[in-house]
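One structure is given here, and the rest of the page talks about it.
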Amino acid sequence: MRERRSIPEFDAHLLLRSRTVTIRDVCCQGRCKQPSAEEYATATELVFPYRGVYIRHLGNSQAVAEANQVLFFNAAESYRVSHPVSGGDASLSLAIGESLLDELVPKLLLRGGATPAFRDQRLRIDSRTQALVALLRHSLRQNIAEDLEAESLALTVVQRAIGQRTTHSAAASLGRQRLADRAKLILASDPARRWTLAEIGAEARCSPVYLTQVFQQVEGLPLYRYQLRLRLARSLDLLAQYDDLTALSLDLGFSSHSHFSAAFRSAYGRSPSEFKQSALGPTNR
């Protein structure tokens with residue numbers, strides 16, 4: 001995703017390389033609070049953040065990269081990155097060949113030109129896409145998925161991430177988008193915290209009423225549901241590290257295991273235990 005091989009805090013772990021797709025698990029320590037020096041992608045990639053948060057600066061625009069988004073990195077397009085929230089970040093990066101991209105991606109999302117390139121920096125993805133990304137990453141990390149299965153799942157992730165019924169593109173003024181970005185950074189700074197509207201409004205320096213209206217317009221979701229998706233996405237990452245799902249649910253800010261399980265099933269169509277078994281194998285129950 002980023003050409004920063006000389007910086008030790010940045011690591012890109014290759015999970016799969018085939019003629020169809022290259023998949024990397026990309027982690028960054030996130031020590032750079034201010035925008036970095038210019039970086040660039042060597043291939044067009046779809047990047048799915050699954051842990052932490054960072055901001056990608058592209059010209060005069062910016063995109064908050066967190067688990068509710070897919071970011072588009074066009075080949076040879078320079079950008080900068082900043083980490084206003086400590087803790088680093090991790091993303092799953094999918095690089096798809098130009099011919100497949102041209103076939104998969106709706107023309108509405110692409111610029112005109114000789115090679116496929118995305119018009120926008122990001123789209124909001126749905127919960128099922130988050131689950132597919134986690135399933136792909138865990139199954140490759142655990143050496144469960146064979147190449148054909150992983151390639152097929154990766155293409156399914158791409159198709160769902162850019163599907164008109166499963167994504168949301170921001171449609172608001174720059175000022176409103178920046179306000180929504182501030183709210184996203186506040187939520188991402190402590191996803192487990194039981195925020196109130198007044199607290200978020202105070203941090204974002206605006207009235208709670210105006211904030212809820214703007215956030216709904218920009219993201220197509222109310223703030224509380226957006227935070228819920230952040231928590232659930234974090235659970236997809238942490239399931240492999242917890243044997244006690246009650247402890248996981250409490251650490252993520254849920255009131256109980258039953259509350260967590262109900263929200264997880266509603267979002268992903270299966271219980272946390274069922275997802276853990278399918279993603280990590282029966283020995284990791």
Side-chain angles (χ1 to χ4, degrees), residues 25 27-30 48-54 64-69 83-92 124-139 141-142 144 182-204 208 211-212 215 219 221-285:
D25 197 358
C27 300
C28 183
Q29 295 297 318
F48 297 87
Y50 64 85
R51 183 192 311 145
V53 62
Y54 63 92
V64 175
E66 40 76 26
N68 285 319
Q69 314 290 332
H83 297 84
V85 177
S86 61
D89 63 82
S91 303
L92 192 71
R124 180 172 58 74
I125 58 176
D126 69 350
S127 297
R128 299 302 171 92
T129 306
Q130 291 175 334
L132 289 172
V133 169
L135 183 62
L136 177 61
R137 185 175 67 87
H138 284 308
S139 60
R141 277 284 191 181
Q142 299 292 324
I144 296 172
R182 290 204 299 273
K184 284 188 274 187
L185 290 173
I186 293 165
L187 293 176
S189 69
D190 192 356
R193 177 173 169 176
R194 297 184 181 181
W195 291 94
T196 66
L197 279 176
E199 290 170 339
I200 300 173
E203 292 279 346
L211 177 61
T212 56
F215 197 89
E219 289 301 325
L221 283 176
L223 273 165
Y224 78 89
R225 187 167 294 278
Y226 202 90
Q227 184 196 32
L228 175 62
R229 287 193 177 183
L230 285 179
R231 287 177 174 176
L232 290 173
R234 185 70 177 126
S235 76
L236 293 172
D237 177 36
L238 292 175
L239 275 173
Q241 303 174 30
Y242 279 77
D243 293 325
D244 184 353
L245 294 182
T246 297
L248 173 60
S249 63
L250 296 177
D251 287 348
L252 289 173
F254 291 94
S255 59
S256 65
H257 177 264
S258 60
H259 178 207
F260 167 55
S261 294
F264 192 100
R265 184 181 290 277
S266 176
Y268 304 130
R270 64 185 82 179
S271 71
S273 297
E274 291 168 343
F275 184 89
K276 186 175 182 180
Q277 181 176 355
S278 65
L280 302 175
T283 59
N284 288 280
R285 272 191 266 184

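A quick note: this is a predicted structure, and the numbers were derived from the prediction, not measured.
Here the straight-line distance linking atom CG of Leu230 with atom CG of Asn68 works out to 4.5 Å at 0.5 Å rounding. To the nearest 0.5 Å, the span separating CD1 on Ile200 from CZ on Phe215 amounts to 8.5 Å. Distance check: Leu239 CG to Gln277 CD gives 12.5 Å after rounding to the nearest 0.5 Å. The distance from atom CZ of Phe48 to atom CD of Gln130, rounded to the nearest 0.5 Å, is 10.5 Å.
Using a 4.5 Å cut-off on side-chain heavy atoms (C-beta onward), Leu185 and Arg182 make no contact. With contacts defined as side-chain heavy-atom distances shorter than 4.5 Å, the pair Lys276/Asp243 qualifies. When side chains are defined from C-beta on, His83 counts as touching Cys28, because their heavy atoms get closer than 4.5 Å. Annotation: side chain of Phe254 is not in contact with side chain of Leu248 (no heavy-atom distance under 4.5 Å). The closest side-chain heavy-atom distance from Leu238 to Leu252 is below 4.5 Å.
The one candidate from Tyr50, Tyr54, Tyr226 that meets the side-chain hydrogen bond (donor to acceptor under 3.5 Å, both in side chains) condition with Glu66 is Tyr226.
Using a 30° and 60° split on the angle between ring planes, Tyr268 and Phe275 fall in the tilted class, from 30° to 60°.
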### Query
Checking side chain to side chain contact (heavy atoms under 4.5 Å, CB included) for the pair Arg194/Ser255: CA distance, chi angles, key distance, verdict?
CA-CA 10 Å; Arg194 297 184 181 181; Ser255 59; 3.7 Å; yes
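Under 3.5 Å, the side chains of Ser256 and Ser258 contain a donor-acceptor pair of N or O atoms.
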